[in-house]
Number of protein chains: 2
Amino acid sequence: MKTKDKNIKTLDEIKDKYYGKPGTLQREKLESGYENFKVGALLLEARLEKGLTQEELAKKAGTTKSYISKIENNIKEVRISTLQKIIELGLGGHLELSIKL
Amino acid sequence: MKTKDKNIKTLDEIKDKYYGKPGTLQREKLESGYENFKVGALLLEARLEKGLTQEELAKKAGTTKSYISKIENNIKEVRISTLQKIIELGLGGHLELSIKL
DNA sequence: CAACATGTTTCACTTTAGTGCAACCGTTTT
DNA sequence: AAAACGGTTGCACTAAAGTGAAACATGTTG
């Protein structure tokens, strides 16, 4: 890829590559945050906004790029505390949770 | 306790009991959603708003009251997908996630 | 094309969430 | 004061997250 060039290498290009063109099922899921499918997309987007590679994020968060990859591709479920840790340490942000009834 | 009397047996009374009077450290953490401490409080509040007992929630969500108790008391970490399941099946609501950078 | 960067995948190993059940503790209720 | 209700705690089991490291795919750059 090559996302180092100051963040914006267009998030949409990334989405196209990872989730298909707009209109496809996967892309719709990404956009609407369907089920836990959202988790990977959420982290991916946040990471790209920070202009970090998986490896950089992993190092800061105290984990490995392979694990980050698995989260972003929704291959592994993730604990809330783990996601929080990655976001806080790796991205300097924080996770917000809320229950809508 | 006795929360069946049409939902509101004052949420604040519950908070007092579980997290101490306003001003204490635990209560502050609850109110401000500090770290993963928030997860238990979040579920507790949502459940009380629906006027359900742990057992009723557990049954709907397909789990046990002991597990619900452990989540509410932050004794066990919880996966995002698991929390989603409990909220959707048990409370008829949904979990919202967002990353603040 | 060779070297490099980024991300994916596999394998193996340790820890822990998820689950069930049973016993227990305080409060209410009868 | 015994039974019922709501919640907590303990133990044991198994499925999967969490972790590391290495190999691989692919695109990019010198």
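Naming: A, B, ... by sequence-line order, numbering from 1 per chain. We use all heavy atoms of the structure for the numbers below, so side chains are in, but hydrogens, waters and symmetry mates are not.
Atoms OG and CG, on Ser98(A) and Leu97(B) in that order, are 8.0 Å from each other to the nearest 0.5 Å. The OG atom of Ser69(A) sits 12.0 Å away from the NZ atom of Lys76(A) when rounded to the nearest 0.5 Å.
The nearest whole Å value for the distance from the CD1 atom in Ile68(A) to the P atom in dT9(C) is 15 Å. Remark: C1' of dA17(D) and CD1 of Ile71(A) are 10 Å apart, rounded to the nearest angstrom. One can place CD of Gln54(B) at 15 Å from P of dT19(C), the figure rounded to the nearest angstrom. For Lys59(A) and dG7(C), the NZ to C1' distance is 17 Å, given to the nearest whole Å. Computed from coordinates, the Asn74(A) CG to dA17(D) P distance equals 12 Å when rounded to whole Å. One can place NZ of Lys76(B) at 14 Å from P of dG18(D), the figure rounded to the nearest angstrom. When the P atom of dA5(C) is taken as reference, atom CD of Glu56(A) falls 11 Å away, rounded to whole Å. In this entry the distance linking CD of Glu55(B) with C1' of dT8(D) reads 13 Å, nearest Å.
Comparing Arg79(B) and Ile75(B) by the nucleotide of DNA chain D that holds the closest heavy atom to each, the one mapping nearer the 5' end is Ile75(B).
Of all heavy-atom pairs between Leu52(B) and Gly90(B), the closest is CD1-O, 3.6 Å. When all heavy atoms are compared, the tightest approach of Ala58(A) to Thr64(A) is CB-C, 3.3 Å. For the residue pair Leu95(B) and Lys38(A), the shortest heavy atom distance occurs at O-NZ, 3.8 Å.
When hydrophobic clusters are built by joining Ile, Leu, Val, Met, Phe, Trp and Tyr residues whose side-chain heavy atoms come closer than 4.5 Å, directly or via intermediates, Leu101(B) is grouped together with Leu43(A).
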Legend entry - nucleotides 20-25 of chain C: protein proximity per nucleotide (B base, S sugar-phosphate only, - neither; heavy atom, under 4.0 Å): BB----
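Closest approach to the Glu77(B) side chain among dA17(C), dT9(C), dT19(D) is made by dA17(C) (side chain taken as heavy atoms from C-beta onward). The side chain of Asn73(B) lies closest to dT8(D), out of dT8(D), dT19(D), dT8(C). Distance from the side chain of Lys85(A) is smallest for dT19(D) among the nucleotides dT19(D), dA17(D), dT8(C). Looking at the side chain of Thr53(A), the nearest of the listed nucleotides dT6(C), dG18(D), dT8(D) is dT6(C).
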Legend entry - Steps toward salt bridge (charged side-chain N to carboxylate O under 4.0 Å, His left out) verdict (Lys65(B), Glu56(B)): CA-CA 8 Å; Lys65(B) 60 176 184 166; Glu56(B) 289 168 331; over 6 Å; no
Inset, instruction - Step by step, work out the side chain to side chain contact (heavy atoms under 4.5 Å, CB included) result for Leu57(B) and Gln54(B). - result: CA-CA 5 Å; Leu57(B) 171 59; Gln54(B) 289 182 342; 5.8 Å; no
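Taking every heavy atom of residues 93-101 of chain B and every atom of DNA chain D, no pair lies under 4.0 Å.
Heavy-atom contacts from other residues, nucleotides or ligands closer than 6.0 Å to NZ of Lys85(A) number more than 12.
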